[in-house]
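Each remark here refers to the structure printed beneath this line.
For reference, positions follow the sequence shown, starting with 1. Whatever order the structure lists them in is the order used to number ligands and atoms, beginning at 1. These numbers come from the heavy atoms of this one structure, side chains and all, not from hydrogens, waters or symmetry mates.
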Amino acid sequence: MKPLLLILTKRGLSLCRFAGDLGRCGNAKASLSLNQSAWTAQSQIRRLSLASGQWQDLSQKAEIYVKENAKLCQPDNIHICDGSEEENDQLLELMRLQGTIIPLPKYDNCWLARTNPADTARVESKTFICTEKRSDTIPTPKKGVKGALGNWMPPQDMDEVVRERFEGCMRGRTMYVVPFSMGPVASPLSKIGIELTDSPYVVASMRIMTRMGRPVLAELAKGAEFVKCLHSVGAPQDGRLEYPSWPCDPQRTVILHKPQNDEIVSYGSGYGGNSLLGKKCLALRIGSTIAKKEGWLAEHMLILGITNPEGKKRYIAAAFPSACGKTNLAMMTPSLPGYKLECVGDDIAWMRFDSHGQLRAINPENGFFGVAPGTSRASNPIAMDTIFRNTMFTNVATTSDGGVFWEGMEKEVSPDAEITDWRGNKWDKSGPAAHPNSRFCTPAHQCPIIDPMWEHPEGVPISAILFGGRRPAGVPLVYEARDWKHGVFIGASMRSESTAAAEHKGKTIMHDPFAMRPFFGYNFGHYLDHWLSMEKRSQSLPKIFHVNWFRKGSQGEFLWPGFGENSRVLDWILRRLDQEDCARDTPIGLVPKPGTLALGGIEDKVDMEQLFDLPKGFWMEEAEAIGRYFEEQVGEDLPREVARQLEELKRRVGDM
Ligand code: GTP
Ligand code: SPV
Ligand code: MN
């Protein structure tokens, strides 16, 4: 390791591990005031100096992109990331000195970041898609109704927003150039991005969540196209950072996407999907627009492989809204004997039909950014076996013996360990110890059940697609779509109880079509057309199902034990794929015939009647609510076929 130099500059503490000169130093403590003109002049001269890397590492196009934005953001220096272990160690050390992260000595190379409490989740209200025409981004809502299928901004406004926030925003900081690949490097299904960021936390997290560094630089050098991703944590207008160890600007946070240019710009937040731009911004929002153009699907779905007791293996993709069980299902330990589950991905699937009409999926990510609370040896032992090495935790609580704690881990910490809450105070039990949206960021290859095909460049063949959400009432444990069109309607009609994954207040049942509501890169009506058009691409489409692990009884208790027991539902689904005659028709779709769901061992714990009850009143109201939503939110952009599916549902429910 190179020697570590600490240098006191006008801006505070600078850390430098590269060759000796100041100009090549990494940035300091985030004591940013934006009007230090003498320094500005200096950094003007130095601003295109490289602290690490070489311009030759980039393609000409990439070099221009970096230089243009360096001119705009005026960082003290630029660091082209190579993704090496050494570079990562240096960044971790820098963050430790700045107080951004603390080590977790109980584990191997694990760290905790505590954010500014105003920066703990995605901010949907400040996330925009920029297109010339509003109708390219969102369907036209009914007069007097606020559109809820994304936020639109005209490109001129975007330019203004960028100018206002980014001019000089990296003064006193380093601009990191993060070359990354979504999907295995050089797979025909992958896409490259370059994220420019002033957050070492983002760099370290992108190194886990994506393939980052050298191999991607090599692709760029060959002239590969890339998605442009500009990110700054920013600083409040008065220059005063309330939490210097977690600089951000919550007041002016904005996350912008310009599909026309394959461009993402994010300002003001360092958290998750707001700042790790490969994830929701590239893989879903920009991804979905590319997918539409190129004829494939970019979806908010986990991918798992499941082998039945006869040794037959199938892959399934499943779309559940944020914090509704994707990571848990993707790593589930089947309770049904003889079943084996393997994980391909826990959040995003890119899927396209191969030349035989088989839908194939890749996980574009390289790590898991999973919800911590609720994760335990009892609920998700596989995650627990994954996350205690090389992991960046954010906003979890800590124990006095150098470990982590969150709600659900009560039985897994020593009873006399003292607990420090996610804000860094002694936990007084008046609120949760860990933030409800606290997360682990951990390398996927560490997962003990990672699928042998998880990095296969052609992807894995998908046999079934599941939709689901948190439905406390009325929605049965599982039902099967009658056909592809009906399946598309089920995806379009998805609703779920709100969770802590975004900024929503209180629990309400929200519409969340395809679990994509916060992630559509273009007009949802056109997205539905695109899904419907898949029928033209293949003779052997996957079967579609809807699942609900979250139905509740009269005392507010979950009616279904969930987690590993969900294997019983997967078993029924696989048997349906094998054409087994184990389903019966209902007005909403096909449900298990009595006695066909494998319940051995838990018969007395589950009330099948309640789990599969279809109250007519509930479904009348549900169909009304879906109709109202389509009318108010999608209007003229709703495909006729989807409207027809709703009429059919209403008719069938009316006949109940
Ligand atoms: P994002 O990462 O935000 O997209 O969330 P996710 O969809 O991956 O959800 P995750 O698997 O992290 O689960 C979120 C919460 O749901 C956790 O608190 C889990 O414990 C809980 N959960 C997951 N699966 C089940 C289940 O089968 N039953 C019940 N009751 N809770 C579950
Ligand atoms: C989600 O909210 O769906 C997440 C977390 O997976 S974030 O990456 O922050 O969007
Ligand atoms: Mn997840």
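With W454 as the fixed residue, the side chain to side chain contact (heavy atoms under 4.5 Å, CB included) test singles out one of V460, I303, N366, I362: N366.
The aromatic rings of H511 and Y629 sit parallel, their planes meeting at an angle under 30°, below the 60° perpendicular limit. The aromatic rings of F393 and Y107 are tilted relative to each other, their planes meeting at an angle between 30° and 60°. Between H530 and Y522, the angle of the ring planes goes over 60°, which puts this pair in the perpendicular group of the 30/60° scheme.
With 3.5 Å as the limit, one finds no donor-acceptor pair spanning the side chains of Y176 and D198. No side-chain donor-acceptor contact under 3.5 Å links E242 and N116. Inspection of the D249 and Y267 side chains reveals an N or O donor paired with an N or O acceptor under 3.5 Å. Looking at N437 and R439, their side chains do bring a donor and an acceptor atom within 3.5 Å of each other. Side chains of N395 and S438: no donor on one and acceptor on the other come within 3.5 Å. Using modelled atom types, one finds a donor on one side chain and an acceptor on the other under 3.5 Å when comparing S322 with R122. Between the side chains of Q446 and T386, not a single donor N or O lies within less than 3.5 Å of an accepting N or O.
Screening residues 542-556 for salt bridge (charged side-chain N to carboxylate O under 4.0 Å, His left out), with sequence neighbours left out, gives E480-K543.
Backbone and side-chain nitrogen or oxygen atoms of P373 are examined, and one is located within less than 3.5 angstrom of a nitrogen or oxygen of ligand 1. For the pair N328 and ligand 1, the shortest N or O to N or O distance falls below 3.5 Å. Annotation: N274 places no N or O atom under 3.5 Å from an N or O atom of ligand 2; distance criterion only. Considering backbone and side-chain atoms together, K280 places no N or O closer than 3.5 Å to any N or O of ligand 1. Between A323 and ligand 1, a contact under 3.5 Å exists for at least one N or O pair. The N/O atoms of P561, backbone and side chain alike, include none that comes under 3.5 Å of an N/O atom in ligand 1. When only interatomic distances are considered, the shortest N/O to N/O separation between K326 and ligand 1 falls below 3.5 Å. Any N or O atom pair closer than 3.5 Å counts here, and F558 shares no such pair with ligand 1.
Residue contact check for ligand 1: A330 places no non-hydrogen atom closer than 4.0 Å to it. Residue R439 places a heavy atom under 4.0 Å from ligand 1. For the ligand labelled ligand 1, residue M332 lies outside the 4.0 Å heavy-atom shell. For the pair C324 and ligand 1, a heavy-atom separation below 4.0 Å is found.
For ligand 2, the atoms sitting less than 4.0 Å from at least one non-hydrogen atom of S322 are 1 (C), 2 (O), 3 (O), numbered in the order shown with element in parentheses. Of all the atoms in ligand 1, the ones that sit under 4.0 Å from a non-hydrogen atom of P321 are 7 (O). When each atom of ligand 2 is checked for a heavy atom of K279 under 4.0 Å away, the hits are 6 (O), 8 (O). Against a heavy-atom cut-off of under 4.0 Å, D347 is close to the following atoms of ligand 1: 4 (O). Atoms of ligand 2 lying under 4.0 Å from at least one heavy atom of G273, given by number and element, are 7 (S), 8 (O), 9 (O), 10 (O). Interface of K280 with ligand 2, defined as ligand atoms under 4.0 Å from a residue heavy atom, comprises 1 (C), 3 (O), 4 (C), 6 (O), 7 (S), 8 (O), 10 (O).
Checked against side chain to side chain donor-acceptor pair (under 3.5 Å), W406 has no partners two or more places apart in sequence or in another chain. Not a single side chain to side chain donor-acceptor pair (under 3.5 Å) links T289 to another residue, sequence neighbours left out.
Cation-pi geometry between R470 and F550 is met: under 6.0 angstrom from the ring centre, within 45 degrees of the axis.
Counting only protein N, O or S atoms, 1 lie closer than 2.8 Å to the Mn ion (ligand 3).
With a heavy-atom cut-off of 4.0 Å, N566 touches ligand 1 through its side chain alone.
Note: Y201 OH to M392 CE = 6.5 Å, rounded to the nearest 0.5 Å.
Summarising the contacts of atom 20 (O) of ligand 1 with F563, F440, F550, the nearest heavy atom is found in F563.
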